[in-house]
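Working notes for the structure below.
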Amino acid sequence: SEKLDLTNLEWSFQKDTPGTAGMFLKSRTILNGDTYYLKMSSYNTTDGVYGHECFLEYIASQLADLFKLTHLSYELWYATVCVDGNKFDTWISASKEYRIEGDVRLSLDTYYNINKRGNEDLTSFVMSCPFKDDILKMLVFDYIIANRDRHSNNIEVLYNKNYDSYRLAPMFDHGCCLSSPLFDKWYTMDSEYYLKDFSVNNCIGSKSLKSNLEYARKEGLTFPAVILNSDLFGEIDTIMGSMFCDKHLEMLKERYHYAMDILAS
């Protein structure tokens, strides 16, 4: 919670970090020799920072740890920043550079176009590629956190020129999940919202989070059995309040148990 002075950084909606352009202000910096990619919650020039996506990104990161999924770990930083000539204090999401020497980032679409066989579509290609199980786990995880933003640029394959090899990048960019679009209305969430089948822009499977669970079920995917509790939130309750954490824990429990029931059916 020590406040950092990041007023020297430039922030942009353009893509300069893992993820996509246009949704959240992004930047990067070097701290103690490590490169960090930074992202704010929802922002505009009228309201300033008005969302809470950084906290949701952190919660999703903690949950991925619990499920032992390969993912990009996110930290929460409190900092003074300068945007459009205005200084203000805000929380930001920070993640370390995950590439090694020789890595080239490819979207899943690009990897598919390089390696596809004949006229097979992207979903069929993924269901027979070396990363199938990891991507199926990603679909289950996306249902649990209600992630609406798993398009091709948010599923990344790394090609390493030095080893002439491909590997799936760690999961990243989960800010558009849980109560992200509700902004200050999150406290009105009810049981219908918890299990809502959100429309998503997935590049594989269907445009339905719930329907995408069927791909994992048909493939007999095993997903970790865990107990969800307030440890996921760390000290977020001191920032956002206990109601925020209680509501989101309830939502995660409902969606997790539903997903496990589908996989077991």
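Both backbone and side-chain heavy atoms feed into the values below; hydrogens, waters and symmetry mates do not. Everything quoted here is computed from the prediction, not taken from an experiment.
Using a 4.5 Å heavy-atom threshold, the side chains of Leu139 and Leu213 count as separate. The shortest side-chain heavy-atom distance between Leu108 and Phe131 does not fall under the 4.5 Å cut-off. Put simply, the side chain of Trp11 reaches to within 4.5 Å of the side chain of Ile92, judged on heavy atoms. Between Lys137 and Phe67 there is no side-chain heavy-atom pair separated by less than 4.5 Å. The closest side-chain heavy-atom distance from Leu63 to Phe141 is below 4.5 Å. Taking the side chain as every heavy atom from C-beta outward, Asp142 and Asn212 never approach each other to under 4.5 Å. In this structure, Met240 and Trp91 have side chains that are not in contact, with every pair of non-hydrogen atoms separated by 4.5 Å or more. In this structure the side chain of Val140 reaches within 4.5 angstrom of the side chain of Met260, judged on heavy atoms.
Between Leu9 and Ser27 the shortest heavy-atom distance is CB-OG, 3.6 Å. Considering every non-hydrogen atom in both Thr29 and Trp77, the closest pair reads CG2-CZ3, 4.1 Å. Scanning both residues, Asn147 and Cys176, for their nearest heavy atoms gives OD1-O, 3.3 Å. Closest approach of Leu72 to Phe172, counting heavy atoms only: CD2-CB, 3.8 Å. In terms of heavy atoms, Ile114 sits closest to Leu106 at CD1-CD1, 4.3 Å. Of all heavy-atom pairs spanning Leu66 and Ile227, the tightest one is CD2-O, 3.9 Å.
Rounding to the nearest 0.5 angstrom, the gap separating the CG atom in Asp237 from the SG atom in Cys245 is 5.0 Å. Taking CZ from Arg99 and CG from Leu158, the interatomic distance works out to 8.0 Å, rounded to the nearest 0.5 Å. With rounding to the nearest 0.5 Å, the separation of OG in Ser12 from CG in Leu25 is 7.5 Å. If you take CG on Asp133 and CE on Met138, they are separated by 12.0 Å, rounding to the nearest 0.5 Å. Note that CE of Met189 is 5.0 Å distant from OG of Ser179, once rounded to the nearest 0.5 Å. For the atom pair OG of Ser93 and CG of Asp173, the computed distance is 9.0 Å after rounding to the nearest 0.5 Å.
Between the side chains of His71 and Asp65, at least one donor N or O lies within less than 3.5 Å of an accepting N or O.
Cluster annotation: Ile236 is not connected to Phe183 through the hydrophobic network of ILVMFWY side chains, with a link wherever side-chain heavy atoms come within less than 4.5 Å. When the side chains of ILVMFWY residues are joined at heavy-atom separations under 4.5 Å, either directly or via intervening members, Tyr163 and Tyr159 end up in two distinct hydrophobic clusters.
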Indicate every side-chain donor-acceptor pair of residues 79-89 with a distance under 3.5 Å to a residue at least two apart or in another chain.
residue: Thr80; atom: OG1; partner: Asp89; partner atom: OD1; Å: 2.6
residue: Asp84; atom: OD2; partner: Tyr43; partner atom: OH; Å: 3.2
residue: Asp89; atom: OD2; partner: Lys3; partner atom: NZ; Å: 3.1

Report all side-chain donor-acceptor pairs from residues 192-202 shorter than 3.5 Å, counting only partners two or more places apart or in another chain.
residue: Tyr193; atom: OH; partner: Arg148; partner atom: NH2; Å: 3.2
residue: Tyr193; atom: OH; partner: Leu178; partner atom: O; Å: 2.9
residue: Tyr194; atom: OH; partner: Glu250; partner atom: OE1; Å: 3.2
residue: Asp197; atom: OD1; partner: Ser208; partner atom: OG; Å: 3.1
residue: Asp197; atom: OD1; partner: Leu209; partner atom: N; Å: 3.2
residue: Asp197; atom: OD1; partner: Lys210; partner atom: N; Å: 2.8
residue: Asp197; atom: OD2; partner: Ser208; partner atom: OG; Å: 2.7
residue: Asn201; atom: OD1; partner: Arg150; partner atom: N; Å: 3.4
residue: Asn201; atom: ND2; partner: Asp149; partner atom: OD1; Å: 3.2

Anything under 3.5 Å between a donor and an acceptor, one on a side chain of residues 214-221, the other on a protein residue two or more places apart or in another chain? List them.
residue: Glu214; atom: OE1; partner: Arg217; partner atom: NE; Å: 2.8
residue: Glu214; atom: OE1; partner: Arg217; partner atom: NH2; Å: 2.9
residue: Glu219; atom: OE1; partner: Lys132; partner atom: NZ; Å: 3.0

Which pairs would a plain distance check flag for residues 53-62, meaning a side-chain donor or acceptor within less than 3.5 Å of a matching protein atom at least two apart in sequence or in another chain?
residue: Glu53; atom: OE1; partner: Ser42; partner atom: N; Å: 3.0
residue: Glu53; atom: OE1; partner: Ser42; partner atom: OG; Å: 3.2
residue: Glu53; atom: OE2; partner: Ser42; partner atom: OG; Å: 3.0
residue: Glu53; atom: OE2; partner: Ser180; partner atom: OG; Å: 3.0
residue: Glu57; atom: OE1; partner: Lys39; partner atom: NZ; Å: 2.9
residue: Glu57; atom: OE2; partner: His174; partner atom: N; Å: 2.4
residue: Glu57; atom: OE2; partner: Gly175; partner atom: N; Å: 3.3
residue: Ser61; atom: OG; partner: Tyr74; partner atom: N; Å: 3.1

Q: Please test Val126 against Ile155 for side chain to side chain contact (heavy atoms under 4.5 Å, CB included), starting from the C-alpha separation and ending with a verdict.
A: CA-CA 11 Å; Val126 166; Ile155 306 176; over 6 Å; no

Q.
Test side chain to side chain contact (heavy atoms under 4.5 Å, CB included) on Ile204 and Ile135; report intermediate values, then the result.
A. CA-CA 9 Å; Ile204 59 174; Ile135 293 179; 3.1 Å; yes

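Put simply, the side chain of Lys68 never gets that close to the backbone of Pro224: no donor and acceptor are under 3.5 Å apart. The backbone N or O of Ile100 lies less than 3.5 Å from a partner atom in the side chain of Asp103, making a donor-acceptor pair. Remark: side-chain polar atoms of Ser152 are paired, donor with acceptor, to backbone N or O of Asp109 under 3.5 angstrom. Between the side chain of Asp5 and the backbone N or O of Thr7, at least one donor-acceptor pair lies under 3.5 Å.
By the neighbour-count criterion of 12 heavy atoms within 6.0 Å, atom CD of Glu10 is sparsely surrounded, having that number or fewer from other residues, nucleotides or ligands.
When the side-chain contact (heavy atoms from CB on, under 4.5 Å) test is applied to Asn44, the partners found at least two apart in sequence or on another chain are Thr46, Asp47, Tyr50. Residues passing the side-chain contact (heavy atoms from CB on, under 4.5 Å) test with Asn115 are Tyr111, Phe125, Tyr166, sequence neighbours excluded.
Ring geometry for Tyr143 versus Tyr258: interplanar angle of 30 to 60°, hence tilted.
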